[in-house]
Amino acid sequence: MLTVETKKQVREAVTAARSRGLSIGLVPTMGYFHEGHLSLIRLSRSMSGYTVVSLFVNPAQFGPGEDFERYPRDLQRDAALAVSAGADLLFAPEPSEMYAPDASTYVIEEAVSAGLCGASRPGHFRGVATVVAKLFGIVEPDVAVFGRKDLQQLAVIQRMARDLDMRVRIVGAPIVREPDGLAMSSRNVYLTAEERARAPHFQRVLSGLAEQVRQAGPGRLADILDAARRRIETATGGRIDYLTAVDRDMAAVSQAGECMYIAAALFLGRTRLIDNVAVRPEEENV
Ligand code: AMP
């Protein structure tokens, strides 16, 4: 595996791979790899001949006061893990390589990104969509793999690729969890021992809630969701940012029969965790 820092080096490596007849897979990440990232790399490898992993803590998707500076970073460890998962090229640029000082063009998706994290983190999905569009322009992948852990992100990227006629196929990968159910996240290292011990209740309540919604028939959801918010806050000691029943376009729904996913964000101390559950996994299409 080669580690490179410039767009030019990526283009050269990808051109060489293509000339050998290989299809190109891309896994965009912010690094500090865990098993979730590695599962994406393995999936890309199974679907393409040459897998590019990008590692870029993208300043444009962090708001003021968010964790850009303290976001965990360990390039050496990540490079070793990427090799072990079968990556062919690790692209780890500096912000100055990615953005011209006078960059003034952005990708703004206006529907799928409106609620949930888009409402709590203004500008976040503009930063995500713009950097992913740039990565698509640099790598020109046949396939790009994103985790369902960031469900709304996956839906925004799918919508962007469709609306802007990008040639890439977007693939969603299952959420990888710790043995106690907590969704793996680079941000889990922020949790204190006590917060970490309580964190699994977040997923436990969410998965119970999915079952409740399935059994609720077509009726109103508001009371069930309210009770779940209270249960999560009591069990984790955290504060719910949002807990919302959504359809496949990430729009909030009020009827159980229209609910495809329940998506939630929880502040646990200084850490913001997100998670989601599919209510109808058999109909999943993002
Ligand atoms: P990040 O480095 O956190 O920006 O994540 C990079 C990619 O890995 C995104 O597509 C995430 O959705 C995906 N990812 C992060 N955590 C998990 C997880 N626990 N399971 C599956 N995919 C994940």
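All ligand and atom numbering here is 1-based and tracks the order in the structure.
- Residue D150 places at least one N or O, backbone or side chain, under 3.5 Å from an N or O of ligand 1.
- A distance of 10.5 Å separates CZ in R169 from OG in S23, rounded to the nearest 0.5 Å.
- Here F33 sits in one hydrophobic cluster together with M1, V27, L38, L40, I41, L43, M47, V53, L55, L75, L81, V83, L90, V143, V145, V171; the rule is ILVMFWY side chains under 4.5 Å apart, joined directly or through other members.
- When only interatomic distances are considered, the shortest N/O to N/O separation between M30 and ligand 1 falls below 3.5 Å.
- A donor-acceptor contact closer than 3.5 angstrom links the side chains of D241 and S120.
- Per-residue contacts place L40 under 4.0 angstrom from the following atoms of ligand 1 (heavy atoms of the residue considered): 7 (C), 8 (O), 10 (O), 13 (C), 22 (N).
- The shell of residues lying under 4.0 angstrom from ligand 1, judged by heavy atoms, excludes R177.
- Short contacts between ligand 1 and H34, defined as distances under 4.0 Å to a heavy atom of the residue, involve ligand atoms 15 (C), 16 (N), 17 (C).
- Of the N or O atoms in G147, one or more lie within a sub-3.5 Å distance of an N or O in ligand 1.
- Residue H37 has at least one nitrogen or oxygen atom sitting less than 3.5 Å from a nitrogen or oxygen atom of ligand 1, judged on distance alone.
- Contacts between L154 and ligand 1, counted as non-hydrogen atom pairs separated by less than 4.0 Å, are absent for every part of the residue.
- Nearest non-hydrogen protein atom to atom 23 (C) of ligand 1 is K149 CB, 3.9 Å.
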Start with the C-alpha gap between L209 and L243, add the side-chain angles, then the distance that decides, and say whether side-chain contact (heavy atoms from CB on, under 4.5 Å) holds. CA-CA 11 Å; L209 179 59; L243 187 156; 3.9 Å; yes

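- Screening R231, R229, E233 for a side chain to side chain contact (heavy atoms under 4.5 Å, CB included) with V205, the sole residue that qualifies is R231.
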For residues 149-156, which side-chain donor-acceptor pairs fall under 3.5 Å, sequence neighbours excluded?
residue : atom : partner : partner atom : Å
Q152    : OE1  : C117    : N            : 3.0
Q152    : NE2  : V112    : O            : 3.0
Q152    : NE2  : G115    : O            : 3.0

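- One distance of note links CZ of R198 with CG of L268; it measures 8.5 Å at 0.5 Å rounding.
- Of all atoms in ligand 1, numbered sequentially from 1 with element shown, those under 4.0 Å from a heavy atom of I175 are 20 (N), 21 (C).
- At a 3.5 angstrom cut-off on N or O pairs, P28 does not count as close to ligand 1.
- Atom NZ of K134 sits about 10.5 Å away from atom OH of Y106, to the nearest 0.5 Å.
- In terms of polar-atom proximity, M184 is counted as a contact of ligand 1, with an N or O under 3.5 Å from an N or O of the ligand.
- Protein heavy atom nearest atom 20 (N) of ligand 1, with residue, atom name and distance: V176 N, 2.8 Å.
- In the vicinity of T29, heavy-atom distances shorter than 4.0 Å reach the ligand 1 atoms 2 (O), 6 (C).
- With a 4.0 Å heavy-atom cut-off, ligand 1 is reached by the backbone of P174 but not by any atom from C-beta on.
- The closest side-chain donor-acceptor pair between Y71 and N58, if any, does not fall under 3.5 angstrom.
- Between the T244 side chain and the V246 main chain, no donor and acceptor come within less than 3.5 Å of each other.
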